[in-house]
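Encoded as structure tokens, the structure appears first; notes follow it.
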Amino acid sequence: MEIILLIALSLLIVLLLIGVPAVFAFLGATLYLVISQDYDPSFLLPYGYSQLSSTVLLAIPLFIIAGKLMEYGGMGKVIIDWTEIIVGKVKGGLGIVTIFACAIFGSISGSAMAALSTIGSIMFGKLEERGYPRGYSASLVSNSSVLGLLIPPSGIMILYAWLSNQSVLASFLSTVIPGVILIVLLSIINIVYMRNKTLTSAPVLDTEFNKYKSKRFGIKTVVAIPGLVMPILVLGGIYSGIMTTTEAAAVAAFYAIPIGLWVYKGLKFKDFKTVFVDAATTTGIIMVMVFAIMILSRIYVMEDIPELITNILFSVTENTILLMLMINVFMIIIGMLMDDVSGALLTTPILLPIVVNLGVDPVHFAAILAVNLGMGNITPPTAPLLYFGGQLAKAPINEMLKPTLIILLCAWLPTLIIVTYIPEVSLFLPNLLLD
């Protein structure tokens with residue numbers, strides 16, 4: 001069975017590397033396992049289908065719709081204008097604006113890709129005008145976009161909570177402090193990296209602007225409030241018990257419509273077709289992957305795969321620190337090969353039983369999973385988010401490598417070490433707010 005599993009995993013990786021869409025790669029690996037082991041499809045297929053009938057999963061398309069509506073509604077520009085008033089005068093301030101804008105928009109859309117495409121499309125031109133190297137700008141926005149996985153509400157945390165039978169809100173809260181740590185480290189790196197660069201001052205930073213800065217900040221804050229209310233509305237509704245996760249997602253989707261149409265006026269009625277078609281396409285892909293993963297997870301249980309992997313790991317070492325290091329490396333590699341949703345679907349059913357045996361709290365593991373997959377998404381040589389950011393910025397990948405490696409070593413790696421080996425960082429808010 002070990003050889004067959006190795007072949008199935010190798011098949012999945014090869015299919016992804018040659019460009020087969022993730023959904024078909026998952027189905028291909030699942031089909032291989034079913035055929036090679038002669039499992040009864042009449043048992044596995046109904047099981048996979050039955051697992052899809054969960055109200056928690058309805059939150060996924062609703063959050064996707066809400067994010068798309070805010071994306072079309074012009075929320076990205078409002079967030080950038082608001083944050084630029086705060087830190088625009090600091091040297092390297094526009095880079096910090098980018099980091100905070102990605103974090104805030106990511107918390108609204110719940111998607112790293114949405115944050116990258118929305119904030120990147122606005123910021124790349126501004127950063128270049130101020131004198132930021134194009135490769136650095138592409139690297140900074142790509143890395144900052146991953147904050148959308150950490151600042152709640154996060155799509156992959158909904159999937160993780162569903163797969164692991166954990167509280168959605170606890171999973172949301174577990175990644176907040178790691179996200180804040182990453183924001184601080186990215187901001188410090190940006191200031192240090194740009195300290196010797198010649199930058200052009202923003203046109204608005206003149207005497208007249210400074211004279212009325214507080215007034216302008218008040219105006220920008222009032223304008224930004226309707227968009228900033230969304231994550232507060234979602235998390236407040238869930239935390240207070242007024243709404244379930246799915247109900248909060250529905251409220252967010254409905255709330256985004258008037259905000260986009262009449263407040264920020266970027267959303268047009270003609271955009272609704274595109275929004276719903278895109279959301280339906282994305283949801284369909286996710287649900288098919290979930291279906292395949294449910295079949296795979298059932299096979300894992302039947303063959304006691306987590307126990308087998310645990311025994312293999314313990315045959316190498318019994319040191320918990322080294323075991324978690326090996327698990328982290330595995331998740332980073334998975335993050336390098338596939339998107340965050342695919343990575344969460346694949347690794348959760350395999351690794352959760354293993355880390356629980358090592359004494360890791362499932363809520364703590366939610367944060368470890370998110371940081372690892374986020375780090376993998378921007379780690380060369382594959383790095384799907386990094387390459388997408390390079391395409392948006394029209395930046396050669398060789399110009400992105402140096403700043404990316406600096407960010408990986410000085411921001412992502414310290415965050416990962418802290419999150420992995422100091423459980424209190426991830427468990428503090430869940431324990432404080434939910435106990």
Side-chain angles (χ1 to χ4, degrees), residues 12-13 16 21-23 25-26 57 59-61 63-64 67-68 71 102-103 105-120 141-164 166 168 171-172 174-176 178-179 182 278-279 281-290 292-293 327-352 365-380 382-389 404 408 412 415-416 419 426:
L12 175 62
I13 293 172
L16 290 168
V23 60
F26 274 97
L57 290 180
I60 299 294
F63 273 126
I64 292 173
K68 286 285 184 183
E71 181 180 344
C102 284
F105 190 84
S107 74
I108 294 171
S109 66
S111 166
M113 193 66 75
L116 176 55
S117 58
T118 302
I119 303 301
V141 178
S142 299
N143 280 272
S144 301
S145 70
V146 185
L147 292 166
L149 306 182
L150 302 178
I151 307 300
S154 166
I156 67 166
M157 286 296 98
I158 295 174
L159 287 172
Y160 173 83
W162 174 69
L163 287 166
S164 60
Q166 299 300 309
V168 174
S171 300
F172 280 169
S174 71
T175 59
V176 172
L182 196 57
D278 287 350
T281 302
T282 304
T283 303
I285 292 171
I286 293 174
M287 290 303 107
V288 173
M289 287 195 294
V290 169
I293 286 295
I327 290 171
N328 281 342
V329 170
F330 173 73
M331 285 192 286
I332 290 173
I333 293 172
I334 292 298
M336 291 166 61
L337 295 172
M338 58 187 71
D339 62 90
D340 52 334
V341 171
S342 305
L345 289 172
L346 177 64
T347 55
T348 300
I350 297 176
L351 297 179
L352 183 61
F365 184 63
I368 296 174
L369 179 84
V371 174
N372 272 291
L373 293 179
M375 185 174 177
N377 275 187
I378 47 86
T379 301
T382 49
L385 278 178
L386 191 66
Y387 292 149
F388 182 59
T404 296
L408 285 171
W412 281 101
T415 303
L416 180 58
V419 170
S426 305

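Values in this document were obtained by computation on a predicted structure and should not be read as measured data.
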Nearest 0.5 angstrom please: [X] [atom1] to [Y] [atom2], how far?
X: Leu352; Y: Phe365; atom1: CG; atom2: CZ; value: 6.5 Å
X: Leu385; Y: Leu373; atom1: CG; atom2: CG; value: 11.0 Å
X: Asn143; Y: Leu182; atom1: CG; atom2: CG; value: 8.0 Å
X: Ile332; Y: Leu337; atom1: CD1; atom2: CG; value: 12.0 Å
X: Ile60; Y: Ile156; atom1: CD1; atom2: CD1; value: 10.0 Å
X: Leu369; Y: Ile334; atom1: CG; atom2: CD1; value: 11.0 Å

Minimum side-chain heavy-atom gap [X]-[Y] below 4.5 Å:
X: Pro153; Y: Val168; answer: no
X: Trp412; Y: Ile378; answer: yes
X: Ser145; Y: Ile119; answer: no

request  = Could you point out which residue of Thr347, Val290, Thr348, Ile158 forms a side-chain contact (heavy atoms from CB on, under 4.5 Å) with Leu163?
outcome  =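 Testing each of Thr347, Val290, Thr348, Ile158 against Leu163, the sole residue satisfying side-chain contact (heavy atoms from CB on, under 4.5 Å) is Thr348.
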Worksheet item: Between Thr404, Asn377, Leu116, which is the residue that forms a side-chain contact (heavy atoms from CB on, under 4.5 Å) with Ser142?
Response: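 Exactly one candidate clears the test, Leu116.
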Is the side chain of [X] donor-acceptor paired with the backbone N or O of [Y] at a distance under 3.5 Å, no angle test?
X: Thr175; Y: Phe172; result: yes
X: Ser154; Y: Leu150; result: no
X: Ser174; Y: Ser171; result: yes

* Kindly give the heavy-atom pair with the smallest separation between Met157 and Ala366, and that separation in Å. =>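 Smallest interatomic distance, heavy atoms only, reads CE-O, 3.5 Å.
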Side chain to side chain contact (heavy atoms under 4.5 Å, CB included) involving Thr283 - partner list, sequence neighbours excluded: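 Thr283 satisfies side chain to side chain contact (heavy atoms under 4.5 Å, CB included) with Pro61, Ile64, Met287 only.
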Which residues satisfy the side-chain hydrogen bond (donor to acceptor under 3.5 Å, both in side chains) test with Thr415, sequence neighbours excluded?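 Applying side-chain hydrogen bond (donor to acceptor under 3.5 Å, both in side chains) to Thr415 gives none.
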